[in-house]
Colleague: 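Please see the structure below; I have some questions.
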Number of protein chains: 4
Amino acid sequence: MTGSTHSKPRRRPSQARSQDTVNCILEATAHILRSEGFRKATTNHIAERAGVSIGSLYQYFPNKQALLRALTEKHLSEMQQQIAVRLSDSLSMPVPEAIASMVDVMLDAHALDPALHAVLTEHASQILPREEQNRLENLYTDLVLGYLNQRSAEICCDDLKLASFILVHSLETLTHRAIASTDPQQNEWISNASLRRHLIRLFTNYLSGQ
Amino acid sequence: MTGSTHSKPRRRPSQARSQDTVNCILEATAHILRSEGFRKATTNHIAERAGVSIGSLYQYFPNKQALLRALTEKHLSEMQQQIAVRLSDSLSMPVPEAIASMVDVMLDAHALDPALHAVLTEHASQILPREEQNRLENLYTDLVLGYLNQRSAEICCDDLKLASFILVHSLETLTHRAIASTDPQQNEWISNASLRRHLIRLFTNYLSGQ
Amino acid sequence: MTGSTHSKPRRRPSQARSQDTVNCILEATAHILRSEGFRKATTNHIAERAGVSIGSLYQYFPNKQALLRALTEKHLSEMQQQIAVRLSDSLSMPVPEAIASMVDVMLDAHALDPALHAVLTEHASQILPREEQNRLENLYTDLVLGYLNQRSAEICCDDLKLASFILVHSLETLTHRAIASTDPQQNEWISNASLRRHLIRLFTNYLSGQ
Amino acid sequence: MTGSTHSKPRRRPSQARSQDTVNCILEATAHILRSEGFRKATTNHIAERAGVSIGSLYQYFPNKQALLRALTEKHLSEMQQQIAVRLSDSLSMPVPEAIASMVDVMLDAHALDPALHAVLTEHASQILPREEQNRLENLYTDLVLGYLNQRSAEICCDDLKLASFILVHSLETLTHRAIASTDPQQNEWISNASLRRHLIRLFTNYLSGQ
DNA sequence: CATGAATGAGGTTTCATTCAT
DNA sequence: CATGAATGAAACCTCATTCAT
């Protein structure tokens, strides 16, 4: 029984320490971005907060950009993992259910780490090359476009590409702004339940409207 | 006789020159932001481009933040001037026309200086304190909310505040992304005309839908 | 009497200060290179020794390379100024006198700032791009080659290009090593007079030999 | 029975492996110096290329200087081995043959590993203390001086020490520059055969000239 | 002895800001 | 008021070296 399911203690010790350090650095970066903002995320500050020397940071990340990129990719891939699985389910549903599902998925995904998401999104242009930014955007619009094409019979729309653009971006912005807003006043009055209801209506009426 | 030709130039000579210098600096800042990006907008570079000494720049603006703030406020107030006048007209129209008008106003406003608008928006958090950002946001949502309240009879909606939030933010994002996007592929397929039509339908169906 | 010959006090004050600073930085660099070596010539150390802030150093030189390049060019141009004038005189003399003159010129030129010359020569590859190094080398070989071609009747040699290569490089190395050597033992026994005599004989016999 | 086949491999197992590691590190250093230059020769890079850990490198060399010194000494001793044997033969010949032989020896020695020789020579001051550099230089000059003293009857020269200085240094520089030059233009036109002929004439005429 | 993760002093460079002229 | 030379804190990053495993 070499491969029992409950333990992975045999990983090589050196690599375990490395992975710890890497995680430590990434988590420190995330923490600083969340609580102190982009400008305070200097490599020295990150290393200090991670409890490692500046040299260690540069052992694992060739430069600051790469560190931020790695964090962004990790964060986005965590969101995507959530999203991809559930979205593929949605894509077999009829329009109203599919929209409801999409909204739910998006709300949940943004609830994962809203503060970090806000900072990373806001500074995307300084972290990722435009090409990569577009790739990420198209990832969703293409997914939705595929779905809309499939269901075009139920949809009253002359430009499905534009429709997916509108759906994805307004959904993204509205969930983002509603959840990530650190303004206590706003957070208060936007309940997830009613936001959900409104978003569903916004999109349903848009696609199926007369 | 509002403008006698011979007396005006002599009035407040120093103040006029001051205003010139200030405008010069602001325009240089805007130009650099548009064409070279946020990172290249150093105070020295701005002063050089404006044709004034760095010392003069600091004569008129206590620090870089203040300069960026002033530019942002100028830009937003120019947009608002356009918007406010025409929006107040819209506010007396019935829902469908009002929405069409709002969309038009927004599209026009963003067409004013899209590149500058993109940069300022993206770096808002580094320019304005959150408080000020919220103030600007509420400026629109409150305006729209006021209108929706006035027309609540024609609207099928249980939370007009949330509705105005949704309207303002998705309108803002979608026009912004559609216009300011520098991705040639996207610019190509999003025609203003069809975007306009879709936005109108999105919001009309949302508010008046069953 | 605005232009009296004994004073130049009207130069613009700002530019005078700048030039002072630049000279100060260059001299500090030269001093450190001479007395502490290439490795100790850090930008911070240079600025400190020059009595200016590190910021000032970078106001006048975009980077360390440029500073070293400027110093090298200044040094070489000072040497060349000496050399060029006198060498052009030599080029009209018959072979034996021309060689004697060339040796003298070289000895004098290297006596200008031997320690600095040694360091700059040794690290040329880190200061100048190879292309520039070659350009400097060819400057002399071409000059000598031109002379040899002109006097080819008096010279017993089948390959004047190779001859000029040999002349220039051994002259350069031998004067350089003899003068710049900081080993007191060697400096002692190589008198300029006898070195001069030997070099002249070395080259005269080479060119006019049977 | 000097080489029994079955016993040798077992002798000093650790020391043999040590020597292997040391050679490996030295060869890696040489390779990097030759192909990537002095600046890229970092201890970590060397260790990686040698296939040993950075810790092991420091097991065998107390610091980077010592490593470079060891490599330099190894390289020079390999050159010297070639030179010493053949030069001692030359020293019994009459002047013209001796000079021809010296030139040949030098050309061959420099052809051994010209790229490495170039790098080590250029950075000698950062590798060896001046004292050691002088020791190496004198090694040759003293050898040649000894020969010249022995043959002083055939030589027309008033200062044999200076003569050996001139011989050794110009021979060294000219072979070095002719061979190690990476400038394709120069490499092309300097054929070893004609360089050899010219060097022989240069030195022969110098020593035996009227 | 081997390993390689970790260290941190110190290098280069930037840029908002000040202040003597 | 205008100028622009000067400032220096602070950012990013390197690499020789150490030391726990």
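Residue numbering restarts at 1 for every chain, and letters A, B, ... go by the order of the sequence lines.
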Colleague: Identify the nucleotide, in any strand shown, that forms a Watson-Crick or G-U wobble pair with E:dT18, with both distances under 3.5 Å; if there is none, say none.
Modeller: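 The base-pairing partner of E:dT18, which may sit in any strand shown, is F:dA5.
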Colleague: Between B:Gln133 and B:Ser125, does any side-chain donor sit less than 3.5 Å from a side-chain acceptor?
Modeller: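 B:Ser125 and B:Gln133 do not have a side-chain donor-acceptor pair below 3.5 Å.
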Colleague: Categorize D:Asn63 for me: base, sugar-phosphate, or nothing, with a 4.0 angstrom heavy-atom threshold over every strand shown.
Modeller: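 Sugar-phosphate contact only.
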Colleague: For a quick check of understanding: with a heavy-atom distance under 4.0 Å over all strands, which category does C:Thr42 fall into, base, sugar-phosphate or nothing?
Modeller: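 The answer is sugar-phosphate, as C:Thr42 gets under 4.0 Å only of primed atoms, P, OP1 or OP2.
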Colleague: Taking OP1 and OP2 of E:dT13, is either one under 4.0 Å from a side-chain nitrogen or oxygen of C:Tyr58?
Modeller: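 Indeed, a polar side-chain atom of C:Tyr58 lies that close.
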Colleague: Do C:Thr21 and C:Tyr60 pair up side chain to side chain, a donor and an acceptor below 3.5 Å, judged on atom types alone?
Modeller: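 Per modelled atom types, C:Thr21 and C:Tyr60 side chains form no pair under 3.5 Å.
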Colleague: Could you let me know what F:dT14 is paired to, Watson-Crick or G-U wobble, both distances under 3.5 Å, or none if it's on its own?
Modeller: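 Result: E:dA9.
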Colleague: Between C:Ser18 and F:dG4, does any side-chain N or O lie under 4.0 Å from OP1 or OP2?
Modeller: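 Indeed not, no polar side-chain atom of C:Ser18 lies that close.
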Colleague: Expressed as a whole number of angstroms, how long is the span from A:Leu57:CG to F:dC13:P?
Modeller: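 Value for this atom pair: 9 Å.
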Colleague: For the backbone of A:Ser56 and the side chain of A:Ser53, can you confirm whether one donor and one acceptor N or O come within less than 3.5 Å of each other?
Modeller: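 Yes, the answer is positive, given that a donor and an acceptor are paired below the 3.5 Å cut-off.
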Colleague: Quick check on F:dA16: is either OP1 or OP2 less than 4.0 Å from any side-chain nitrogen or oxygen of D:Thr43?
Modeller: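 It does, given that an N or O in the side chain of D:Thr43 lies less than 4.0 Å from OP1 or OP2 of F:dA16.
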Colleague: Can you list the steps and then say if D:His45 with D:Glu36 is a side-chain hydrogen bond (donor to acceptor under 3.5 Å, both in side chains)?
Modeller: CA-CA 11 Å; D:His45 189 24; D:Glu36 303 179 52; 3.1 Å; yes
Colleague: For the residue pair B:His123 and A:His123, categorise the inter-ring angle as parallel (less than 30°), tilted (30 to 60°) or perpendicular (more than 60°).
Modeller: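 The arrangement is perpendicular - the two ring planes meet at more than 60°.
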Colleague: Check every strand shown and say whether C:Tyr60 touches a base, only sugar-phosphate, or nothing at a heavy-atom separation below 4.0 Å.
Modeller: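 Since only primed, P, OP1 and OP2 atoms lie under 4.0 Å of C:Tyr60, the category is sugar-phosphate.
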Colleague: Could you state the atom-to-atom distance from CD1 of C:Ile54 to C1' of E:dG10 in whole Å?
Modeller: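 After rounding, the reported distance stands at 13 Å.
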Colleague: Quick one: is E:dT7 close enough that its OP1 or OP2 comes under 4.0 Å of any side-chain N or O from A:Ser53?
Modeller: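 So the side-chain polar atoms of A:Ser53 do come within 4.0 Å of the phosphate oxygens OP1 or OP2 of E:dT7, strictly under.
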Colleague: Can you tell me if B:Ser56 touches the phosphate of F:dT3, counting only side-chain N or O atoms and a distance under 4.0 Å to OP1 or OP2?
Modeller: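 Checking F:dT3 against B:Ser56, a side-chain N or O does come within under 4.0 Å of OP1 or OP2.
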Colleague: Specify the separation, in whole Å, of atom NE2 of A:His45 and atom P of F:dC13.
Modeller: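 Distance check: A:His45 NE2 to F:dC13 P gives 17 Å.
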Colleague: Can you tell which of E:dT17, E:dT3, E:dT13 lies closest to the side chain of C:Lys64?
Modeller: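 So the nucleotide nearest the side chain must be E:dT13.
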Colleague: Specify the separation, in whole Å, of atom CG of A:Asp20 and atom P of F:dA20.
Modeller: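 In whole Å, F:dA20 P and A:Asp20 CG are 18 Å from each other.
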